[in-house]
Amino acid sequence: MDALVEARGVQHAIGTRAILTGLALSIARGEVVGVVGPNGAGKSTLGRLLLGFLSPTSGTITIGGTDPMTYRRTHGVGFLHEDGGRGWEHATPRALLALHVDDLGALTRDPICRTLGIANHLDRRVATLSKGQWRACQLAMMLLPRTAFLLLDEPEAGLDPGAQGRLHEVLAMRAAAGAAILVLSHHLDSLASVTQRIHLLVRGGFHDQIDPTGMSLSALRARYIRGVDATLAHHVMRGRAA
Amino acid sequence: MLAACLVSVVCLASVDAARAELVMAILLYTPPILALMVMGGVFAHWRRASVWTTIAQRAGAGLADGWRLLALAAALYLVLLLPIVGLALRRMPIPSPAAGVLHPVERAAVFVSAWGIISFLTVATVAVLARRGVAGLMICWMAVPAVLAFAGPAMGLEKEVTESLAYLAPPFHAAARLHDVLMGESADLTRRVVTHLLTFPILCAGLITLGLQRLVDAPTEVDP
């Protein structure tokens, strides 16, 4: 398949502390990939590297054949991040969408906007929106420019089950249109619903790759726990041996 | 924060006390410093990582967005500053007609205009470059000439070195002498005052450009 995102041997360290240790990742157009792992595993750092907000200590990352920062500057990326409303409290979603979309008049007719149900919130101040309403507006901001690469960090935060269903629906729409999508999350059920494969990230390295198709949530959870425990135990043994 | 503001007002006013009444100097220094404190807060708000993360993901995002935000801040700053300046000018002691009514007001108008521009550049530069403590850093930067005047000789710095270093600080003293220079009353100071007033915006523009580029390139570091 035509890979849009390619990462090879990616390492990242802050001072002497290794955050990522030789990751390899490939995301094709039309593919939705998930990364799951315990807190502090390096998911957000991986996201920042793929967006070009950080540079890897070693290894290479290319998006569309160029480095992530150049790609972001020339093509734009869709990025859903946590805590995205801070600083914009006095703005309205319509004003923020104007940063990303040229034709605001067509907003309400857009299938993504219709699916997300944000038409009634467009002219309210961000500070007055509920967490779920703001999340829906953020999703619209990241999806409406129709960028080819989308990265979502904990997209389910603050969403009720209905809104999670709408999230999966709009991601499937973008994937069907050829976008490469990476979802960083703790929610195995959500990842299983929307992704084609899930990488298990523990202590800065990928330790398992799971195809969630046809797997029950309990089987998925058992494999996650087994993977995390085995990796942590391995690190403890190595530490003792050293 | 307020204590630092008041201390800096009194310190800066004291430096000028030989040339004018202390109360008058405090009246002149207070409005811009209060405006600076408010603007520091506004900039810190806009400097939040989430704001720049939202901007940075768009194709073609870059310095133009940053300068646009600064222009908006400049407009807000003017709206904030003008009523305070107007109030300060109204409360100034009015001299008798024989002493010339317009002269002190003209002088204050020239000084406050220059002050406004310099203070905006100062707060914008510090707020774009610094993650925390914008007000404190700003006051430290403003105090550089005074520190150099006291510490320079003690550290054995030559006068030329001290004067050169002073060009890196905001030219509030040059602003205070601008009226005299324009009236041709301080010919010996003209070159220094004009040079300082012209080079400072260039220095700030360079620093702001660097800071904005950094914000667009790496916006997801820790929120201030």
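Here is the naming used below: chain letters follow the sequence lines, and residue numbers restart at 1 for every chain. Computation of the quantities below employed the complete heavy-atom set of this structure, encompassing side-chain atoms and omitting hydrogens, waters and symmetry-equivalent molecules.
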task: May I have the step-by-step check of side-chain contact (heavy atoms from CB on, under 4.5 Å) for A:M69 and B:V216, ending in yes or no?
output: CA-CA 10 Å; A:M69 190 191 289; B:V216 176; over 6 Å; no

- prompt: What's the verdict on side-chain contact (heavy atoms from CB on, under 4.5 Å) for A:H100 and B:Q57, showing C-alpha distance, side-chain angles and the deciding distance?
  reply: CA-CA 9 Å; A:H100 301 270; B:Q57 59 186 283; 4.0 Å; yes

- request: Starting from the C-alpha separation in whole Å, work towards a yes-or-no answer on side-chain contact (heavy atoms from CB on, under 4.5 Å) for B:T53 and A:F79.
  value: CA-CA 8 Å; B:T53 303; A:F79 176 38; 3.3 Å; yes

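Of residues 7-19 of chain A, no residue lies under 4.5 Å from chain B by any heavy-atom pair.
Of the atoms belonging to A:H75, it is backbone heavy atoms, and not side-chain ones, that fall under 4.5 Å from chain B.
A:R72 places no side-chain N or O within donor-acceptor distance of the main-chain N or O of B:R58, the cut-off being under 3.5 Å.
The environment of CZ in A:R124 is crowded: more than 12 heavy-atom neighbours from other residues, nucleotides or ligands sit within 6.0 Å.
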